[in-house]
Structure formats: structure tokens, C-alpha cells
Amino acid sequence: MIPEIKVSDFDYELPDERIAKYPVEPRDASQLLVVSENGAISGKHFHQLAEELSGNVLMITNNTKVIPARLFGTVESESSARVEVFLLEPVRADWKQWQVMVGGRKKFKEEGSVLFASGDCLMRAKWVNREENIIELEVLEQDGKRRSVAEAIEILGNIPLPPYIDRDLEETDKERYQPVFAKHAGAVAAPTASLHFTDALLERLKDQGVKFAELTLHVGAGTFKPMTGETAAEHEMHSERFEIGIDTLKQICAHEGKIVAVGTTVMRVLESLYYIYRYKKPLSGSRDRYFVVETGMAYEVDNGVGEKEILGDKRWLEELIAWMEGENSEMLQGKTAIFIVPGFNFRVCDGIITNFHQPKSTLLMLVGAFLGGDWKKVYAFAMENGYRFLSYGDGSLLWKRGK
């Protein structure tokens, strides 16, 4: 069971003027708050990150790419009826079917259709299941051109800035809301810790001996979902799709230094690995290698676990890799709904780079769990020293408290 932690314990006052509406330029000019292993807090700038990391660090990044998930169209039979379709998650690998949110839903009837158009690109949306909010997208041939759905979304869609960035979308957002690590399209929100990195900073880190590995977690709109209920146990945690390759797992297993997650998205995947090993390994005979990490697994798993596994020994990871090799599997894929709250047993991450999160949010609870209860002191320092909050705001480097 998830611990009965009060949501109100993770509240703080966040004035609107402290929410960053625009990013700083260049990216690494943002402020960087550092919390050491002994809890000491210091203020830096992100371009000084290399000064805070030794060469014996493995940094794991998220290579997801934000898609222009907001589509504005008109009802096909009534061109004055405007509809917004927000793409949440593909139902099919070819992206022809999506789970969505719809603005102007009453206009988009069960048997109706919506058209999205720009230049020579035209796409139609129809309901597959209106109750479950699933649509089908069809790209229509224009002037002899037949594009894929992914290509059409790129042309027709708009970058989905978070709801708390209360302003109109600008042309610069298309580039600025995309991390330098972006490769695999599928996220509907940016892994915002990555927004501070520049190519020049990455080169300095590599020159210093910092190692890099990557994974994919497609950030979903659920990351902005308000906490429901009065306790963490009452909240319905969102799930997000992930992929992590065996090469990254081998790097983690072989690395003898510290492991730093670039963002809460990366931490969610890395800290889900143990539960894939523990719960899903017996499914080795199944053709379906799609793993689901459920919310409560982390708080039920330690009964009967050996002491070294509890303390973070990597033998479980060696066994997971060996199982993958036996199955000729190069990639772990699935969804994680892991909910990290105080009391969580961190097995992989020694540090995390992350932004400053909303009051009473699941991400703030994750920070509270990692810092061992010092989050209020950290956020007070940020507030007193002019740090900017949320997606386009400043960053932090947090080290797990030393024993």
C-alpha cells in the first residue's frame, strides 16, 4: 500500500510572477540550485554544472521528442464549428489511432468528422470509440502528395505548452520547448530538466569524463494532473510509456561511480527496473514483452527480499540483463505508473537534475522522497534567491543524502 501521506504536506505558496513564462537565453544561463550529500544548499548557474560533477558520473538522459500534439480543426459538415484535439497517446504503432482530449466536444458528433488543414496538407479525424476518447486519423491526398500521419501531425500541430504558461504560443517555442537530446517522437510535454543543456555544456561534461547513456519515456499530459484526494494513497497515478535498451542497462550495471538521472522522467524509468525484474521476469515464456509497473509495487515488494537487494546491490540488475540475453531481447518496453513518495527505496539513482515543481504535485513528492524531507528548506532557498519555477524555470542538482 502507498503510505498515507497528506497532500497538504506538499503545499507551498507559488506567486504567479515566479512561474517562468519564457525561458532564459542561452539555455545554460538558467540558475542551478545544488543540494550536496550532507544537505548543504548552494546557488550556481547551469553552465557551471561540470564543476559539480566528477568524472566518475554516469548521466542518464531522456531522448523523447515533443510532438505538436494540439490540433485545431473544423467540423467537416459545418466549417464554422471549431474543434481542438489534443493527442495524448497512440493506440496503434502507425499513429493512425489516438487517445485524445477534445475541446468543443459537443460539435464533434459520434458519426461526424473534423478536418485539419494547412497549405497542401489535409487530415481527417473520426471517432473510433467516443466513450473511450479514441479517434482515427486519415491523411488525405493533396496535389498528388500522400503524407504519413506523423508527417501530417508535424505540419498541422502546435507545441503543447503547459497550462500554467498562460500566454499565446510563439514561433520560438517550437525549438525552445525541445531538449537537445530529442530523438524519438511521442511526448506531449517536455522532460524539462533537459531544457537547460546546450551542445557546448555537453562537450565540457564529456571532456571532464562524465559518461552518458539514454532511455526513452514519452511524457504524458498526466504529469500535470492535480493530486486527487487528501492523501497520496487516494491519488490515481498516471502511467507513461518507456523504452530502455540492454546497452544502457549494461552501462548502469558496470558503472562504479554515481548515477545521475536527468529529470524525474528518467528517475521513474530507472527506479521501475527493479519491479520489472521482481514481478515480470517469470513471464519469460510469453511473446508479450510489454511490461507494466503498477503504482503500488514499490510499497509491497520488500517482504522477503534479501538484505543486499534492499541496500541496492546490483545483482538483481545482472540477473535482469542475463534474462534479456536469454530471451534475445535488446529492449525493455512498457508503461510505468510508479509513484515515488517518502518511504520509497531508491535502488539506482544517486543524483537527479530537475526543475522546481508545482505545489501539491506528484513530482514534488518525488523530490521530497529523494531529499529525505528537506524539500521545504530547498524551495525556501529558491524562493528567497529569485529562482524561476516550473517548465521554463531554473534547475537543480540534488544528491541523495549520504549515510
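Owing to the predicted nature of the structure, the values given are computational and were not obtained by experimental measurement.
In terms of modelled atom types and a separation under 3.5 Å, the side chain of Glu271 and the main chain of Cys349 share a donor-acceptor contact. Within the 3.5 Å criterion, the main-chain N or O of Gly209 finds a donor-acceptor partner in the side chain of Lys211. In this structure, the side chain of Arg388 engages the main chain of Tyr22 through a donor-acceptor pair within 3.5 Å. Counting only distance, with no hydrogens or angles, the side chain of Thr336 and the backbone of Val269 share no donor-acceptor pair below 3.5 Å. Looking only at distances, no side-chain donor or acceptor of Lys258 sits under 3.5 Å from a matching main-chain atom of Leu53.
For the residue pair Arg268/Asn62, the side-chain donor-acceptor check at 3.5 Å is not satisfied. Inspection of the Asn38 and Ser36 side chains reveals an N or O donor paired with an N or O acceptor under 3.5 Å.
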Salt bridge (charged side-chain N to carboxylate O under 4.0 Å, His left out) between Lys109 and Glu78, worked out: CA-CA 11 Å; Lys109 307 294 185 184; Glu78 188 181 347; over 6 Å; no

Stepwise ring pair (Phe, Tyr, Trp, His ring centres under 6.0 Å) test for Tyr387 and Phe389: CA-CA 7 Å; Tyr387 281 69; Phe389 282 62; 7.9 Å; no

Trace of the side chain to side chain donor-acceptor pair (under 3.5 Å) decision for Ser391 with Tyr164: CA-CA 9 Å; Ser391 294; Tyr164 46 71; 2.5 Å; yes

Stepwise salt bridge (charged side-chain N to carboxylate O under 4.0 Å, His left out) check, Asp199 with Arg27: CA-CA 10 Å; Asp199 290 333; Arg27 291 172 181 251; over 6 Å; no

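By the neighbour-count criterion of 12 heavy atoms within 6.0 Å, atom NZ of Lys96 is sparsely surrounded, having that number or fewer from other residues, nucleotides or ligands. Crowding of Asp207 atom CG: a count of heavy atoms from other residues, nucleotides or ligands under 6.0 Å exceeding 12. The local environment of CD in Glu76 is crowded, with over 12 non-hydrogen atoms from other residues, nucleotides or ligands closer than 6.0 Å. Heavy-atom contacts from other residues, nucleotides or ligands closer than 6.0 Å to CD of Glu256 number 12 or fewer. Heavy atoms from other residues, nucleotides or ligands lying under 6.0 Å from CD of Glu110 number more than 12. Under a cut-off of 6.0 angstrom, the local environment of CD in Glu236 is sparse, with at most 12 non-hydrogen atoms contributed by other residues, nucleotides or ligands. Counting heavy-atom neighbours within 6.0 Å of Lys225 NZ, excluding the residue itself, gives a total above 12.
Contact of the Met123 side chain with the Arg147 side chain is not registered, since no non-hydrogen atoms from C-beta on lie closer than 4.5 Å. Inter-residue side-chain proximity for Met101 and Leu88 is flagged as met; some heavy-atom pair is nearer than 4.5 Å. The side-chain heavy atoms of His235 and Ile5, taken from C-beta on, include no pair separated by under 4.5 Å. Counting only heavy atoms from C-beta outward, the side chains of Ile353 and Leu49 approach each other to under 4.5 Å. Side chains of Arg204 and Asp28 form a contact here, defined as non-hydrogen atoms less than 4.5 Å apart. By the 4.5 Å heavy-atom criterion applied to side chains, Asp173 and Tyr392 are counted as neighbours. At a threshold of 4.5 Å between non-hydrogen side-chain atoms, the residues Phe356 and Leu14 do not count as touching. Within the 4.5 Å cutoff, the side chain of Leu217 has no heavy atoms near those of the Thr64 side chain.
For the atom pair His238 NE2 and Phe339 CZ, the distance stands at 9.5 Å (nearest 0.5 Å). With rounding to the nearest 0.5 Å, the separation of NE2 in His357 from CZ in Phe224 is 11.0 Å. One distance of note links NE2 of His47 with NZ of Lys44; it measures 10.5 Å at 0.5 Å rounding. Considering CG of Leu161 and CG of Leu169, their distance stands at 5.0 Å, rounded to 0.5 Å. Here the CG-CG distance, from Leu215 to Asp247, works out to 13.0 Å after rounding to the nearest 0.5 Å. Between atom NZ of residue Lys126 and atom CD1 of residue Ile135 there is a gap of 12.5 Å, rounded to the nearest 0.5 Å.
The pair Glu13-Arg18 does not count as a salt bridge, with every side-chain nitrogen at least 4.0 angstrom from each carboxylate oxygen. In summary, Arg176 and Glu25 engage in a salt bridge, as defined by a charged side-chain N under 4.0 Å from a carboxylate O.
Among residues two or more places apart in sequence or in another chain, the side chain to side chain contact (heavy atoms under 4.5 Å, CB included) test is passed with Pro160 by Val66, Ala69, Arg70, Phe86. Every residue two or more places apart in sequence or in another chain that forms a salt bridge (charged side-chain N to carboxylate O under 4.0 Å, His left out) with Glu138 is listed here: Arg124.
Applying the side-chain hydrogen bond (donor to acceptor under 3.5 Å, both in side chains) test to every pair with at least one member in residues 360-385, sequence neighbours left out, gives these pairs: Asp374-Arg401.
The only member of Lys65, Lys183, His184, Gln333 that meets side-chain contact (heavy atoms from CB on, under 4.5 Å) when paired with Thr216 is His184.
A cation-pi arrangement is absent between Arg130 and Phe108 under the rule of less than 6.0 angstrom and at most 45 degrees off the ring axis.
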